[in-house]
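Remarks on the structure that follows.
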Number of protein chains: 2
Amino acid sequence: MKYIIKDLKIKGITLTPQRMAIIEFLKNNLNHPTAEDVYKALEEKYPSMSIATVYSTLELLKANGYIQELSIRKRGKACFDFTSKNHHHFLCLKCDSIIDIESECINTCPIVKAGQLEGCKVGEIQAYLYGVCSGCNKKTIKKSNKK
Amino acid sequence: MKYIIKDLKIKGITLTPQRMAIIEFLKNNLNHPTAEDVYKALEEKYPSMSIATVYSTLELLKANGYIQELSIRKRGKACFDFTSKNHHHFLCLKCDSIIDIESECINTCPIVKAGQLEGCKVGEIQAYLYGVCSGCNKKTIKKSNKK
DNA sequence: TTTAGAATTAAAATGATTTCAAATTAAGAA
DNA sequence: TTCTTAATTTGAAATCATTTTAATTCTAAA
């Protein structure tokens, strides 16, 4: 948080209250919010804020590498994530939730380690795992027990 | 190709000329076309075909597991891929092209092999590799030699 | 051949995101 | 502090991929 503020100042990027509020919100909401999520959350405190500001700030933060836009979309919407370090994402096909996967095991793949494949220079890898999350798993088990 | 036709018939799905043409096109264009790509390609041969038909057929083929919709989007558009077998995708950040990664190495990750992680049941993994493709790499080298 | 259900069509609707021009704000200079 | 200019925000309109709709046209089975 602090380092972003400092960093942005060094880069000569203006720190408006709106931008501060958006950064603050993202810091405290690591559950991959959409632009709309951010907008709705800040609506009360900043009634005059425009959704266009949310989009432009998210774009700014993305361009400067503070946040990542996931390739995965929540019901057609882009969602965002603080890029603490390289991590992957798990998607629950039942409840639509996105869970961070901190496991390093994907990063140990030969391709990733070598940083290249068939002449392609590989910089980054984003893995999306699809399945059923533990919460939904438990629900399913309970249901089947009831029968 | 043949097996899809047979399969669809068995499933009681009507094989209209439009659907046949779309399947045929996808078979011959493995470069991850968008709905618009499909539509434009068939426009000449089927001038009356609607883009809505393209979308509904892609949806049908996806629902039946013949094609895969990538999470990655080409300039904001969904793109599709025959799912021969589980494979991953490389995205060139310079030329926007998407290249199939047949390498099995990602699938050998402990998470994927175990099929679970932290209580989540993992069914499938889609990896997106980002970087610079061999074509663009060569161009860059040539340029830097010219200097 | 008839007919009911399914698929196609063109147009309108939707909804996330982007663009725009006008109004406001930030920040450096005086 | 006040002035000034450039950057930012705003709200509304525009964009654009995709979906929906209702009417028309096909398909396939009887």
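Keep in mind that this is a model prediction, so the values were computed, not measured. Sequence lines set the chain letters: A, B, ... in the order given, protein chains first and strands last, and positions in each chain run from 1.
Between A/M20 atom CE and D/dT9 atom P the separation is 12 Å, expressed in whole Å. Remark: C1' of C/dT14 and CZ of A/R75 are 16 Å apart, rounded to the nearest angstrom. Distance B/I22 CD1 to C/dA7 C1': 11 Å, rounded to the nearest Å. The CZ-C1' distance, from B/R73 to D/dC16, rounds to 12 Å in whole Å. We find that NZ of B/K9 is positioned 12 Å from C1' of D/dA28, with the value rounded to whole Å. Separating the NZ atom of A/K77 from the P atom of D/dT18 is a distance of 17 Å, rounded to the nearest angstrom. Between B/M49 atom CE and C/dA10 atom P the separation is 11 Å, expressed in whole Å. One atom, CD of B/E59, and another, P of D/dA17, lie 18 Å apart when rounded to the nearest Å.
Taking all atoms of both residues into account, the shortest heavy-atom contact from B/V54 to B/A35 is CG1-O, 3.5 Å.
Shown are B/L70, B/I101, B/I72; of these, the side chain to side chain contact (heavy atoms under 4.5 Å, CB included) with B/H89 is made only by B/L70. Under the side chain to side chain contact (heavy atoms under 4.5 Å, CB included) rule, A/F82 has a single partner from A/N29, A/L61, A/I4, which is A/I4.
Considering only side-chain atoms of A/A35, the nucleotide from C/dT17, D/dT10, D/dT18 that sits closest is C/dT17. Counting only heavy atoms from C-beta on, A/A78 has its side chain closest to C/dT17 among C/dA10, C/dT17, D/dG11.
Here A/K40 does not pair with A/E43 in a salt bridge; the nearest charged N to carboxylate O distance is not below 4.0 Å.
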Distances for protein N/O vs nucleotides 24-30 of chain C N/O pairs under 3.5 angstrom?
none

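Dashed line: the shortest gap from a side-chain N or O of B/Y55 to OP1 or OP2 of D/dT19 is not under 4.0 Å. Between B/S48 and C/dT9 there is a side-chain polar atom (N or O) within less than 4.0 angstrom of OP1 or OP2. Between B/R19 and C/dT8 there is a side-chain N or O to OP1 or OP2 distance below 4.0 Å.
Neither side chain, B/S134 nor B/N137, offers a donor N or O lying under 3.5 Å from an acceptor on the other.
The nearest heavy atom of DNA chain D to B/A52 and to A/S50 marks one nucleotide each, and the one closer to the 5' end goes with A/S50.
You'll find the side chain of A/L26 stays beyond 4.5 Å of the side chain of A/D81, heavy atoms only. Proximity of B/Y130 to A/Q126: side-chain heavy atoms (C-beta onward) are separated by under 4.5 Å at one or more points.
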